[in-house]
Amino acid sequence: SRGAGSIEVSWTAATGSCGDTWSAHLHATTGGVEVSRVTAVARTGAVVALHRDGDGWSGDLTGLPTRGSVTVSVFADGPVRPGSARLRADC
């Protein structure tokens, strides 16, 4: 049987100036595995449910800390391994 794929995560920082917090636009793909829900969770506690967007899922994760970086994990409700990305504000 075919093994589960992994979620691939890419992101771009929100445009504009950074204050105490910033936002990132996430895009995730599930390697062709059909899932009905994808959720991103930051180590800071920020959570966003991603929506279908062309070839994958996307959404904006807000309230990220300007200083330092944060790891975001992306989970799906299907047979696919979680993915992660390290996000850092470019301020």
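In this text, all values refer to a predicted model and were calculated from it rather than measured experimentally.
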Can I get a per-line list of side-chain donor-acceptor pairs under 3.5 Å for residues 38-49, giving both atom names and the distance, sequence neighbours left out?
none

statement: Exactly one candidate in Val33, Val74, Thr29, Val35 meets side-chain contact (heavy atoms from CB on, under 4.5 Å) with Ile7; the answer is Val74
- prompt: Who are the salt bridge (charged side-chain N to carboxylate O under 4.0 Å, His left out) partners of Arg52, not counting sequence neighbours?
  reply: Glu34
- prompt: By side chain to side chain contact (heavy atoms under 4.5 Å, CB included), which residues pair with Ser10, not counting sequence neighbours?
  reply: His27
field: Ser69: side chain to side chain contact (heavy atoms under 4.5 Å, CB included) partners, not counting sequence neighbours
entry: Arg86, Arg88
query: From Trp57 CH2 over to Arg37 CZ, what is the distance, rounded to the nearest 0.5 angstrom?
result: 9.5 Å
- line: When rounded to the nearest 0.5 Å, the distance separating CH2 of Trp11 from CG of Leu61 is 11.0 Å
- prompt: Which of these, Val9, Val70, Thr12, Thr71, sits in a side-chain contact (heavy atoms from CB on, under 4.5 Å) with Leu87?
  reply: Val70
- request: Would you check if Ser73 and Pro82 make a side-chain contact, meaning some heavy-atom pair closer than 4.5 Å?
  value: no
query: Is any side-chain heavy atom of Ser36 closer than 4.5 Å to a side-chain heavy atom of Asp77?
result: yes
Within residues 53-66 or reaching into it, pairs that qualify as salt bridge (charged side-chain N to carboxylate O under 4.0 Å, His left out) - sequence neighbours excluded: none
message: Ignoring hydrogens, what is the shortest heavy-atom contact between Trp22 and Pro65? Give both atom names and the distance.
response: NE1-O, 2.8 Å
